[in-house]
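First up is the structure itself, then whatever we jot down about it.
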Amino acid sequence: MRLRILLRLVSVIALGALAIGPGYCQSSTSTVGSATETGFATYLQGLRPRAQALGVSDATFERAIAGLTFNPRVAALDRGNMPTADDAPIPDFEPYRRQHIDASKIARGRAVYEANRALLRGIERDTGVPEEIMVAIFGHETNYGTITGDFDLLRSLATLAYEGRRRALFEPELLSVMVMMQRGVPRERLIGSYAGAFGYPQFLPSVYLRDARDADGDGQPNIWSSQADALASIANYFQRAGWRKGEPWGIAVRLPDGFDRSRIASPIVAPRCKRVFGRHSRWRSMAEWQAMGITPSKGIWPDGKIQATLLEPDGPGKTAYLLTGNYRAILDYNCSNFYALSVGLLADEVRQ
């Protein structure tokens, strides 16, 4: 799976779940049998050649695995995070929107936006990613840095890699944490969600290594406590994900009475996130949508050449959205229509 998709397997995590052990202490008393702990220790030692191939020294490797024990709580949380069945009913978006875009989140987002305007302008100029999109991701992922998780990353990722259900995902992330340590990230910084996401933007370790940026000039991409670094790193992620400068993420629209939805049904079956993309229409230009009698809920039409798909998240007769390629970039961060719509709508509120 692509690393961008991997990131959003983490976004459904309950970041506030209870950690096992204080702070980043990974040597909590184990409640599993000796056979599990022996197998766990053997598995970790077997990773040494792969870590060495990535430039991790023996000293760093030993420091990374020192005292690690299997975390049964983390394994249980992961087993409870099963994919939704393709035929499961899809709830309405409106309750989710009200929960995730409330007055407090909007007000705090505007405060972050105003406090970082000079920085945000420069990042948008360099990357093309709008200032408000950076802020909205920051707000959605960690409530502007207030909820970042309190699980020890090494212990959690080692547990999930050893447990094996999703080893192909978590083993590379465990090795990426070791690379972070080799590059000077302090051990005490390695705290996050139970499935390995951390910092203000909730990056996975591999995404941190790829996309994190130092915007405040202190020599290290610090997405744990530097808003500047976190916002620049978010923008870097979206630039690489294909964000198109000058295009909106989407617009809310109204459909005319009697609109024939069968004309715009998409025949494409997406290779990933089928429940997400299966709800989108065919691609049409904004000019073509306008010619069908669709009107913006407010504001004016974007450039008529911009391509967009139609989504009605609460069904016919409710608010609909025309969604551009930039909306797909938000889905790349978290492949959920509810998440991506909420990011876009929060961004719009922040910018006002």
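- Under the side chain to side chain contact (heavy atoms under 4.5 Å, CB included) criterion, P256 pairs with F259, I294, not counting sequence neighbours.
- Side chain to side chain, D229 and Q220 fail the donor-acceptor criterion of an N or O pair below 3.5 Å.
- In terms of heavy atoms, F61 sits closest to Q45 at CE2-OE1, 4.2 Å.
- Under the 6.0 Å distance and 45° angle rule, R240 counts as a cation-pi partner of Y237.
- Contact annotation: the side chain of R328 never approaches that of L323 to less than 4.5 Å [non-hydrogen atoms, C-beta and beyond].
- For the pair I123 and A235, the tightest heavy-atom approach, listed with the atom from each and the gap, is CG2-CB, 3.3 Å.
- Remark: side-chain polar atoms of N71 are not paired, donor with acceptor, to backbone N or O of R155 under 3.5 angstrom.
- The closest donor-acceptor contact from the side chain of W301 to the backbone of P296 lies at 3.5 Å or more, if one exists at all.
- Taking the six-membered ring wherever Trp is involved, the centroid distance between the rings of F203 and Y208 does not fall below 6.0 Å.
- Residue pairs satisfying the salt bridge (charged side-chain N to carboxylate O under 4.0 Å, His left out) criterion with at least one member in residues 259-271, sequence neighbours excluded, are listed as follows: R261-E312.
- With respect to R187 and D152, a salt bridge is recorded, a charged nitrogen being found less than 4.0 Å from a carboxylate O.
- Both Y200 and I133 belong to a common hydrophobic cluster when Ile, Leu, Val, Met, Phe, Trp and Tyr are linked at side-chain heavy-atom distances under 4.5 angstrom.
- Counting only distance, with no hydrogens or angles, the side chain of R282 and the backbone of A265 share a donor-acceptor pair below 3.5 Å.
- With hydrophobic clusters built from ILVMFWY side chains whose heavy atoms lie under 4.5 angstrom apart, V129 shares a cluster with L331.
- Here the side chains of H280 and I268 are not in contact, with every heavy-atom distance at 4.5 Å or above.
- Put simply, CD on E288 and CD on Q307 are 6.5 Å apart, with the number rounded to the nearest 0.5 Å.
- The side chain to side chain contact (heavy atoms under 4.5 Å, CB included) check on T60 picks up V56, S57, R63, M181, Q182, with sequence neighbours excluded.
- Between Y321 and L345, some side-chain heavy-atom pair lies under the 4.5 Å cut-off.
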side-chain contact (heavy atoms from CB on, under 4.5 Å) evaluation trace for N116 with F138: CA-CA 13 Å; N116 291 279; F138 183 26; over 6 Å; no
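- Aromatic ring orientation, F238 versus W243: perpendicular (interplanar angle above 60°, classes split at 30° and 60°).
- Take D78 and apply the side chain to side chain contact (heavy atoms under 4.5 Å, CB included) test, not counting sequence neighbours, and it matches L160, E163, R165, R166, F170, Y194.
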Would you check, one step at a time, whether the test side-chain contact (heavy atoms from CB on, under 4.5 Å) holds for S193 with Q202? CA-CA 8 Å; S193 69; Q202 288 293 283; 3.9 Å; yes
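- A salt bridge links R98 and E94; the closest N-O separation between the charged side-chain nitrogens and carboxylate oxygens is under 4.0 Å.
- Between N222 and S225, the shortest heavy-atom contact is ND2-OG, 2.8 Å.
- Here the CD1-CG distance, from I90 to D314, works out to 11.5 Å after rounding to the nearest 0.5 Å.
- For D211 (side chain) and N236 (main-chain N/O), no donor-acceptor pair under 3.5 Å exists by modelled atom type.
- A 4.5 Å side-chain heavy-atom check between V253 and W289 finds every atom pair outside the cut-off.
- Follow the hydrophobic side-chain contacts under 4.5 Å out from Y43 and you reach L54 in the same cluster.
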Determine, stepwise, if the pair K274 / V269 fulfils side-chain contact (heavy atoms from CB on, under 4.5 Å). CA-CA 7 Å; K274 293 180 181 179; V269 177; 4.2 Å; yes
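- Side-chain N or O atoms of S233 include one that pairs as donor or acceptor with a backbone N or O of R213 at under 3.5 Å.
- Within the 4.5 Å cutoff, the side chain of Q239 has no heavy atoms near those of the D126 side chain.
- Under the 4.5 Å side-chain heavy-atom criterion for Ile, Leu, Val, Met, Phe, Trp and Tyr, L175 and L157 are members of the same hydrophobic cluster.
- For the pair P91/Y96, no side-chain contact is recorded, criterion being any heavy-atom separation below 4.5 Å from C-beta on.
- In summary, E349 and R110 engage in a salt bridge, as defined by a charged side-chain N under 4.0 Å from a carboxylate O.
- Within the 4.5 Å cutoff, the side chain of Y327 has heavy atoms near those of the L311 side chain.
- Taking each heavy atom of R272 and F277 in turn, the nearest pair found is O-CD1, 3.4 Å.
- The minimum heavy-atom distance between R244 and N326, with the atom names listed, is N-OD1, 2.7 Å.
- By the salt bridge (charged side-chain N to carboxylate O under 4.0 Å, His left out) test, D257 pairs with no residue at all, sequence neighbours left out.
- Under the rule for a salt bridge (charged side-chain N to carboxylate O under 4.0 Å, His left out), R279 has no partner lying at least two apart in sequence or in another chain.
- Residues R351 and V135 fail the side-chain proximity criterion, which asks for heavy atoms closer than 4.5 Å.
- Salt-bridge annotation for R117 and E124: absent, with no side-chain N of the basic residue lying under 4.0 Å from a carboxylate O of the acidic one.
- By the rule that hydrophobic residues join a cluster once side-chain heavy atoms approach within less than 4.5 Å of another member, I251 and F338 end up as members of separate clusters.
- Ring geometry for F40 against Y162 counts as perpendicular: the plane angle is over 60°, on a 0 to 90° scale with 30° as the lower cut.
- In this structure, the separation between CE on M134 and CG on L231 is 7.0 Å, given to the nearest 0.5 Å.
- Remark: side-chain polar atoms of H140 are not paired, donor with acceptor, to backbone N or O of A136 under 3.5 angstrom.
- Of the possible polar contacts, one joining the S281 side chain to the L310 backbone as a donor-acceptor pair under 3.5 Å is found.
- Nearest heavy-atom pair, D216 versus A228, reported as atom, atom and distance to 0.1 Å: CB-CB, 4.3 Å.
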Let me see the working for Y144 and Q227 under side-chain contact (heavy atoms from CB on, under 4.5 Å), right down to the final yes or no. CA-CA 9 Å; Y144 307 106; Q227 288 191 13; over 6 Å; no
